[in-house]
Chemist: 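Quick one: the structure is below, questions incoming.
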2 protein chains.
Amino acid sequence: MQPVNPTFSPLYQQIKGLLLKSLQEGEWKPGELIPSETELAARYGVSQGTVRKAIDELAAENLVDRKQGRGTFVATHNEAKSEYRFLRLAADEEPGVKPKSTYLSVERVRASSQIAKLLDIKPSDAVFVVKRVMRFDGVPRIFDEIWLPASQYKGLTLERLQQWDSTLYGFLESSFNVRMLRAKEHIKAVSAQPEHSAILQVEVGTPLLLVERLSMTYADQPVELRRGWYLTDKFSYRNELY
Amino acid sequence: MQPVNPTFSPLYQQIKGLLLKSLQEGEWKPGELIPSETELAARYGVSQGTVRKAIDELAAENLVDRKQGRGTFVATHNEAKSEYRFLRLAADEEPGVKPKSTYLSVERVRASSQIAKLLDIKPSDAVFVVKRVMRFDGVPRIFDEIWLPASQYKGLTLERLQQWDSTLYGFLESSFNVRMLRAKEHIKAVSAQPEHSAILQVEVGTPLLLVERLSMTYADQPVELRRGWYLTDKFSYRNELY
DNA sequence: TAGTGGTCTAGACCACGTG
DNA sequence: ACGTGGTCTAGACCACTAT
């Protein structure tokens, strides 16, 4: 027997799509409570269990945050739980130590063809280039060079970054309504160049981890590209495999 | 109102525990079909939905493999799907290229205190040290040094490794009934030493990725420690963040 | 006490793979 | 045609949080 409907899509996936749309359009803002499962079930005319399965997937992707007895909240980078959610570097001895960022510069330039291609914009488009250093216990360990498509971050300045005292992603979310949902990283080992050498206070030629990250928001739209040089003599990049 | 039972554990978690026990004890072997959800529900005296939720979690952890219309299979490293499941290195240009391993040596030695600590064995315990090189399109890109607690891999020899033509984890699973379920990696950038230099055919001092992996089987028991030196000029270690 | 997410059930039906 | 996993429903009850 052939399937009746060859383009079959489960109901809960369709509900998930509707929820994603509401999230993307800002019907519920970061940190806010979304309607209860029962309420959403009534709204979409499906059973509570179906809504539940849709929300299950959103929770697994860290788009929302369930709290038993309280409700389901829109995830935000401005909360303890997802602070440094994407940062995989940790000290070999005291893995708990958190970094502090210092912003060095913000420039507005045209995207190179390489950067443009990765960010899925035109080579002539403007991008902000942010440079910063992250220190752990006062010791510089990461130098980041961050490209942000200017069209999405109008009015970004070094001063505003320097005044912000939490994470960059929290800042971008609060100030420009751009939320990083997932990212891909490509990691290589390279030698420290003079620029890195000065900032990370190591000799030219010291091996560094080069972490290239492309971050995406809703609909897999790329909204940030960064290259980070990590000093890994006493720290390492952590990963789990399943 | 206080909870009635402070040590509450959902039924499906208990069922998951029972399934894990059967998997660990080999009631169902790698690659084999496990009983249907209906059958398991009858066996444990719960509803099919409860069994389903237990299996959902096992599937999410890659311990079993569901196939609609066919059944649920015990995951194995000896199948296309999980070949190189833990290998994150891929070519920047042609990410699909698969490596070929060459085994260089197998030694039986006493674990150093450092290795013993990580493998959770006594420093006096014997371990096998395996050295190998992995080539992509004939080019050596990874040099691995692998520690295996001798007690779990009795009779391991270089010859047997050289005769095996699939992945190491497939070999360890088939020959010693040890299945790698998950692993943790710590990644650093280092300079090539003379030993790496000779094997990877690069100059001493070339930056290499040092990937230290600790692999676990059931009950989070560590059963493999390895250090891999990756040449990342045209390849990179891939990771996804959520 | 009320409301939320979390668990569990029983049953119906669908999509998929195999014989 | 049959058996499997996958979806969907409706309803009951539990655990947790806030008021």
Side-chain angles (χ1 to χ4, degrees), chain A residues 1-19 22-23 28 31-75 79-81, chain B residues 1-19 22-23 28 31-75 79-81:
Chain A
M1 186 88 155
Q2 293 304 310
V4 178
N5 179 2
T7 57
F8 168 72
S9 164
L11 236 196
Y12 75 87
Q13 286 290 358
Q14 302 173 37
I15 303 300
K16 185 185 174 190
L18 294 174
L19 294 173
S22 289
L23 286 167
W28 314 304
E32 282 182 11
L33 192 61
I34 75 172
S36 73
E37 296 179 352
T38 320
E39 210 170 323
L40 290 168
R43 166 165 164 180
Y44 297 124
V46 300
S47 79
Q48 181 258 1
T50 300
V51 169
R52 181 164 188 78
K53 184 144 188 183
I55 296 180
D56 274 347
E57 296 206 348
L58 297 176
E61 296 165 19
N62 290 315
L63 294 185
V64 298
D65 208 3
R66 318 182 91 135
K67 300 193 176 166
Q68 189 176 15
R70 298 184 57 198
T72 300
F73 297 80
V74 182
E79 57 175 354
K81 196 199 170 204
Chain B
M1 186 89 157
Q2 292 303 313
V4 177
N5 178 1
T7 58
F8 169 72
S9 162
L11 236 196
Y12 75 87
Q13 287 288 0
Q14 302 174 37
I15 302 301
K16 184 185 174 188
L18 294 173
L19 293 173
S22 289
L23 286 166
W28 314 303
E32 281 181 11
L33 192 60
I34 74 171
S36 72
E37 296 179 353
T38 320
E39 211 170 323
L40 290 168
R43 167 166 166 180
Y44 296 124
V46 301
S47 78
Q48 180 259 0
T50 300
V51 170
R52 181 165 189 76
K53 186 146 187 182
I55 297 182
D56 274 347
E57 296 205 348
L58 297 177
E61 295 165 19
N62 290 316
L63 294 184
V64 298
D65 207 4
R66 317 183 92 134
K67 300 192 177 166
Q68 189 175 15
R70 297 184 59 198
T72 301
F73 298 80
V74 181
E79 59 175 354
K81 197 197 171 205

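Per chain, numbering begins at 1; letters A, B, ... match sequence-line order.
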Chemist: Does C:dT9 have OP1 or OP2 sitting under 4.0 Å from an N or O in the side chain of B:Thr50?
Modeler: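 So the side-chain polar atoms of B:Thr50 do come within 4.0 Å of the phosphate oxygens OP1 or OP2 of C:dT9, strictly under.
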Chemist: Take atom CG of A:Asp56 and atom C1' of D:dT7, then tell me their distance rounded to the nearest Å.
Modeler: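 In whole Å, D:dT7 C1' lies 14 Å from A:Asp56 CG.
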Chemist: About how many Å separate CG of A:Leu40 and CD1 of A:Ile15, when rounded to the nearest 0.5 Å?
Modeler: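 Spacing of CD1 (A:Ile15) from CG (A:Leu40) equals 9.0 Å.
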Chemist: Look at the side-chain N and O atoms of A:Arg70 and state whether any lies under 4.0 Å from the OP1 or OP2 oxygen of C:dG3.
Modeler: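 So the side chain of A:Arg70 is outside the cut-off, no N or O lying under 4.0 Å from OP1 or OP2 of C:dG3.
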Chemist: Could you state the atom-to-atom distance from CG of A:Asp65 to P of C:dG5 in whole Å?
Modeler: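 Taking atom P of C:dG5 as the reference, CG of A:Asp65 is at 12 Å.
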Chemist: Judged by each residue's nearest nucleotide on DNA chain D, which is more toward the 5′ side, A:Gly69 or A:Gln13?
Modeler: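 That would be A:Gln13.
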Chemist: Expressed as a whole number of angstroms, how long is the span from B:Tyr12:OH to C:dG6:P?
Modeler: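 From B:Tyr12 OH to C:dG6 P: 9 Å.
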Chemist: Given side chains that start at C-beta, do those of A:Arg66 and A:Asp56 come closer than 4.5 Å, heavy atoms only?
Modeler: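 A side-chain contact exists here, since the closest heavy-atom pair is under 4.5 Å.
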Chemist: Counting only side-chain N and O atoms of A:Ser47, is one of them less than 4.0 Å from OP1 or OP2 of D:dA10?
Modeler: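 For D:dA10, OP1/OP2 do not have a side-chain N/O of A:Ser47 under 4.0 Å.
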Chemist: Roughly how many Å is it from NZ in B:Lys53 to P in D:dG6, rounded to a whole number?
Modeler: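 Taking atom P of D:dG6 as the reference, NZ of B:Lys53 is at 15 Å.
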Chemist: Would you mind reading off the distance between B:Arg66 atom CZ and C:dA15 atom C1', rounded to a whole angstrom?
Modeler: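 Atom CZ in B:Arg66 sits about 15 Å away from atom C1' in C:dA15.
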Chemist: Tell me whether A:Glu79 contacts the main-chain N or O of A:Gly31 through its side chain, where contact means a donor paired with an acceptor under 3.5 Å.
Modeler: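 Judged by distance alone, no pair lies under 3.5 Å.
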Chemist: Over how many whole Å does the gap from B:Gln48 atom CD to C:dC14 atom C1' extend?
Modeler: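 Those two atoms, CD and C1', are 13 Å apart.
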Chemist: Taking only the side-chain nitrogens and oxygens of A:Ser36, find out if one of them lies under 4.0 Å from OP1 or OP2 of C:dG3.
Modeler: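 Negative; the distance criterion is not met.
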Chemist: Answer yes or no: does a side-chain N or O of B:Arg52 lie under 4.0 Å from OP1 or OP2 of D:dG5?
Modeler: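 Checking D:dG5 against B:Arg52, no side-chain N or O comes under 4.0 Å of OP1 or OP2.
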Chemist: Calculate the interatomic distance between B:Leu11 atom CG and D:dA15 atom C1'; express it in whole Å.
Modeler: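 The distance from CG of B:Leu11 to C1' of D:dA15 comes to 15 Å, rounded to the nearest Å.
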Chemist: Provide, to the nearest angstrom, the distance between the CZ atom belonging to B:Phe8 and the P atom belonging to D:dC16.
Modeler: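 Taking CZ of B:Phe8 and P of D:dC16, I get 8 Å after rounding.
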Chemist: Using heavy atoms to find the nearest nucleotide of DNA chain D for B:Thr72 and A:Gly49 separately, return the residue whose nucleotide is more 5′.
Modeler: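 Mapping each residue to its closest nucleotide by heavy atoms, the 5'-most match is B:Thr72.
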Chemist: When the nearest nucleotide of DNA chain C is assigned to A:Gln68 and to B:Gln14 on a heavy-atom basis, which residue is associated with the more 5' position?
Modeler: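 Final value for this comparison: A:Gln68.
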Chemist: Considering non-hydrogen atoms only, spot the tightest contact between A:Arg43 and A:Ser22 and give its length.
Modeler: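 Smallest heavy-atom distance, with atoms named: NH2-OG, 3.6 Å.
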Chemist: State the CG-CZ distance between A:Asp65 and A:Arg70, to the nearest 0.5 angstrom.
Modeler: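 Atom-to-atom, A:Asp65:CG and A:Arg70:CZ are 9.5 Å apart.
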Chemist: Hey, is the side chain of A:Lys67 poking within less than 4.0 Å of OP1 or OP2 on C:dG5, counting only N and O atoms?
Modeler: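 A:Lys67 to C:dG5 OP1/OP2: no side-chain N or O under 4.0 Å.
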